[in-house]
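Notes follow once the structure below has been shown.
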Amino acid sequence: MSEEKSLNFIEEIIEADLQSGKYNSISTRFPPEPNGYLHIGHAKAICLNFGLGLKYGGKTNLRFDDTNPVTEETEYVDSIKADIRWLGFTWTDELYTSDYFDTLYRYAVDLINKGLAYVDDSSAEDIAALKGTPTEPGKDNQFRSRTIAENLTLFTDMKAGKYKDGEKVLRAKIDMTHSNMLMRDPIIYRIKHAHHHRSGDKWCIYPMYDFAHGQSDSIENITHSICTLEFIPHRELYDWLIDKLGIFPSHQYEFARLNMTYTVMSKRKLLQLVNEGHVTGWDDPRMPTLSAFRRKGYTAESIRTFCDKIGVAKRENFIDLSLLEFCLREDLNQKALRVMAVLDPVKLIITNYEEGNTEILSSENGPDEALGKRNLSFGKELWIEREDFMEAPAKKWFRLAPGNMVRLKSAYIVKCESFIKDAAGTITAIHCTYIPESRSGSDSSGISVKGTIHWVNAADAVTAEIRLYDRLFTSENPLGEAGDFKDTINPNSLQIITNGLVEPSLKEATAESRYQFIRKGYFCTDKDSSPTKLVFNRTVTLKDAWAKEVKKN
RNA sequence: UGGGUUAUGGUGUAAAGGUAGCACAACAGAUUUUGAUUCUGUUUGUCAAGGUUCGAAUCCUUGUAACCCAACCA
């Protein structure tokens with residue numbers, strides 16, 4: 001029986017609210033600013049918000065928090081929608097804070113009329129100077145005492161475009177000595193003569209986050225507004241504004257954002273990686289963005305499982321990348337078709353196999369019989385992985401070595417008789433004999449070997465480009481290192497193999513098809529791939545007990 | 001040194017005064033035509049010090065540590 005999963009603290013709050021009759025149903029929202037691509041940290045918030053909506057039969061809106069026209073673009077809006085859909089969630093309503101600009105403006109006027117907001121002519125520096133510090137209270141300035149009528153006129157003029165950027169701001173009149181810095185008369189409207197991706201040039205004043213977010217939640221009747229820990233200090237202002245405006249009381253709850261080893265999760269830093277060319281774009285498979293994970297071959301299912309496993313709490317966390325990879329492998333192990341591909345080929349010649357002979361062998365497509373079988377051709381000359389041969393075998397080595405026997409996956413047992421080296425010492429061919437009675441499925445040889453290796457038939461192998469991705473940073477915690485986080489960028493995060501050889505069944509591979517290249521890892525067709533030039537991305541390696549063995553010695 | 005938030009194995013996350021559990025990681029073994037998968041087992045923990053109690057991760061006291069807050073960003 002499935003064990004009862006304990007509730008996270010937000011589910012506990014919701015169940016209590018539902019039980020007490022505070023709400024009959026709940027509403028949540030996912031509120032990204034369209035100023036970048038979604039990353040794995042957003043996936044946690046998406047799974048939380050949409051998951052809650054699904055679990056408690058409530059609605060979950062997608063709301064673009066687009067109050068800053070200079071950073072936001074339609075490209076980002078589109079990518080965000082695509083990523084959420086890919087993750088497998090459907091929003092109730094697609095909304096934009098910019099659609100509330102008229103309402104928000106009325107709210108601001110309302111605040112002025114209540115004597116709770118004023119227009120301030122100070123410069124940014126002057127405002128900062130009078131704001132005080134966490135340990136020292138701030139001070140009032142002369143603009144704070146303007147009359148309601150004057151404030152109304154000035155604010156109308158701000159809206160009408162009579163002032164330049166930065167000349168004036170509208171501030172909430174709260175308390176310049178408040179212990180919470182955010183309550184020291186926060187700026188709620190600023191002047192920006194900028195083109196907005198949706199409202200165009202209609203506005204030259206834009207509300208700040210604090211004057212838009214809670215109000216938008218309220219307008220949408222969001223019951224549980226979930227955000228990350230750093231917004232805790234904002235909650236007091238969030239509640240203050242809702243109270244003074246007398247609008248629907250949404251409530252804010254905060255959880256700890258996701259941090260993960262070997263990556264960074266801030267949009268600003270990711271943008272830097274893109275702009276400075278450390279990666280090829282937001283969907284470069286080394287990025288922690290959802291579009292990058294998708295391109296690299298991750299399944300949406302695995303990311304959802306991951307988000308479920310990491311839980312939701314209020315304490316700072318630092319999750320092992322290996323947990324994500326575990327979720328991925330667990331899923332891919334079920335789904336990925338098994339095929340053979342040789343990344344670093346060396347020729348294997350079966351000396352006792354008849355010249356020109358070809359036979360068709362059958363191989364399973366995966367551990368699940370439902371995945372079926374496919375045919376493979378086999379002949380005298382094959383390609384095998386260079387690293388599967390060792391001239392002087394190590395301890396516990398059970399792959400190919402002089403005099404050693406291994407099985408060629410789904411084919412025959414072969415014995416290494418000799419090998420050829422060129423002048424530079426590189427092995428150019430390995431000569432084997434095969435055991436005709438050892439054919440897979442009808443093995444009567446009675447021989448058992450410890451090693452099984454993959455191969456492709458030289459007669460019909462197809463060349464492919466194979467991109468091997470590794471973590472982007474060498475440090476577990478790039479931000480924790482002294483110096484710039486970019487100093488820890490892994491110089492070997494991408495290795496491109498141009499002459500990989502894959503079995504011919506892969507010729508028909510379509511974009512985002514997922515495979516397991518037997519013994520090498522999970523791979524997926526890249527969007528750059530075409531029938532004339534196959535390109536595969538390594539999604540993740542297989543667990544490798546041999547590599548560990550080697551490391552130990 | 002103002003205010004706020006948080007402390008449970010290496011990493012996450014449970015335990016609502018009553019057996020510190022689960023997952024990942026690590027380690028050992030079995031199975032294996034992928035050194036994969038699967039299976040079995042092992043190691044490791046309540047921030048500290050006091051107190052209340054038959055009994056404390058949980059309650060109380062006093063400390064300690066980490067994180068957040070001084071953008072006309074969100």
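Not measured: the values here are computed from a predicted model.
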Which of B/G2, B/A14, B/A70 is nearest the side chain of A/Asn8? It is B/A14
Looking only at the side chains, is there a donor atom on one of A/Thr228 and A/Glu230 sitting less than 3.5 Å from an acceptor on the other?
yes
B/U34 versus B/U38 - spacing of their P atoms, nearest Å:
14 Å
Have a look at A/Tyr189 and say if it touches a base, only the backbone sugar-phosphate, or nothing, with a 4.0 Å heavy-atom cut-off.
nothing
Among B/G2, B/G10, B/C67, the nucleotide that comes nearest once only the side chain of A/Asp320 is considered
B/G10
Tell me the interatomic distance from A/Lys314, atom NZ, to B/U13, atom P, rounded to whole angstroms.
13 Å
Under 3.5 Å, is there a donor on one side chain and an acceptor on the other for A/Tyr118 and A/Asp185?
yes
Can you see whether A/Arg338 engages A/Asn365 through a side-chain donor-acceptor pair at a distance of less than 3.5 angstrom?
no
C1' atom, B/U52 versus B/U13: distance in rounded Å?
30 Å
What is the separation between atom CD1 on A/Ile191 and atom C1' on B/C73, rounded to the nearest whole Å?
17 Å
Nearest whole Å is fine: how far is B/C72 P from A/Asp165 CG?
14 Å
Answer yes when A/Asp544 and A/Lys520 have at least one side-chain N-carboxylate O distance shorter than 4.0 Å, and no when they do not.
no
Would you say the side-chain atoms of A/Ser445 and A/Ser438 include a donor-acceptor pair closer than 3.5 Å?
no
Residues in side chain to side chain donor-acceptor pair (under 3.5 Å) contact with A/Asp344, at least two apart in sequence or another chain
none
Classify the side-chain pair A/Gln215/A/Tyr107 by whether it contains a donor and acceptor separated by less than 3.5 Å.
no
For RNA chain B, what dot-bracket results from Watson-Crick or G-U pairs at under 3.5 Å, with [ ] for crossers and | for inter-strand partners?
.((((((..((((....[..)))).(((((.......)))))....(((((..]....))))))))))).....
Separation of B/G3 atom C1' from A/Arg235 atom CZ, nearest Å, is 13 Å
A/Ile310 CD1 - B/A25 C1' separation (whole Å):
16 Å
Between B/A74 and B/A49, how far apart are the C1' atoms? Round to whole Å, please.
43 Å
Side chains of A/Thr305 and A/Ser302: do they bring a donor and an acceptor to under 3.5 Å?
no
Report the residue (A/Gly166 or A/Thr135) whose heavy-atom-nearest nucleotide on RNA chain B is the more 5′ of the two.
A/Thr135
Measure CZ/A/Phe9 against P/B/U5 and give the value in whole Å, please.
13 Å
Distance test, side-chain N/O of A/Arg257 to OP1/OP2 of B/C67, below 4.0 Å
no
Applying a 4.0 Å non-hydrogen cut-off, can you work out what A/Ser322 is touching in the nucleic acid: base, sugar-phosphate, or nothing?
sugar-phosphate
Regarding A/Leu229, tell me which of base, sugar-phosphate or nothing describes its non-hydrogen contacts under 4.0 Å with the strands shown.
nothing
Spacing between A/Asn317 atom CG and B/U6 atom P, to the nearest angstrom:
14 Å
How does each nucleotide of nucleotides 31-44 of chain B score, in 5' to 3' order, for protein heavy atoms under 4.0 Å: base (B), sugar-phosphate only (S), or none (-)?
--BBBSS-------
Under a 4.0 Å N-O cut-off, is there an ion pair linking A/Arg374 with A/Glu503?
yes
Going by distance alone, is a donor N or O of one side chain under 3.5 Å from an acceptor N or O of the other, for A/Ser122 and A/Asp120?
yes
Where does B/A26 land, syn or anti, once you apply the within-90°-of-0 test for syn?
anti
Base, sugar-phosphate alone, or nothing: which one does A/Ala313 contact when heavy atoms must sit under 4.0 Å apart?
sugar-phosphate
Just to be sure I understand the rule, does A/His234 reach a base, reach only the sugar-phosphate, or reach nothing, if contact means heavy atoms closer than 4.0 Å?
base
Between B/G9 and B/C47, how far apart are the C1' atoms? Round to whole Å, please.
14 Å
Between B/A20 and B/U61, how far apart are the P atoms? Round to whole Å, please.
26 Å
Which of these nucleotides, B/A7, B/C73, B/C68, is closest to any side-chain atom of A/Arg315?
B/A7
When all nucleic acid strands are considered with a 4.0 Å heavy-atom cut-off, which category describes A/Lys164: base, sugar-phosphate, or nothing?
nothing
Counting any heavy atom closer than 4.0 Å, what does A/Ser123 reach on the DNA or RNA strands: base, sugar-phosphate only, or nothing?
base
Does A/Arg171 put a side-chain nitrogen or oxygen below 4.0 Å from OP1 or OP2 of B/C72?
no
Let's see if you can work this out: which of B/A74, B/G2, B/A26 has an atom nearest to the side-chain heavy atoms of A/Lys548?
B/A26
Base, sugar-phosphate alone, or nothing: which one does A/Ser122 contact when heavy atoms must sit under 4.0 Å apart?
base
Taking the C1' atom in each of B/C22 and B/G35, what is the distance between them to the nearest angstrom?
29 Å
For residues A/Glu325 and A/Tyr298, is any side-chain donor paired with an opposing acceptor at under 3.5 Å?
no
Which listed nucleotide (B/A28, B/A71, B/A23) is nearest to the side chain of A/Lys552?
B/A28
For nucleotides B/C27 and B/G63, find the distance between their P atoms and express it as a whole number of Å.
44 Å
To the nearest Å, how far apart are A/Asn180 CG and B/G2 C1'?
11 Å
A/Asp65 and A/Tyr96: side-chain donor and acceptor closer than 3.5 Å?
no
Inter-nucleotide P distance (B/U58, B/G18), Å rounded:
11 Å
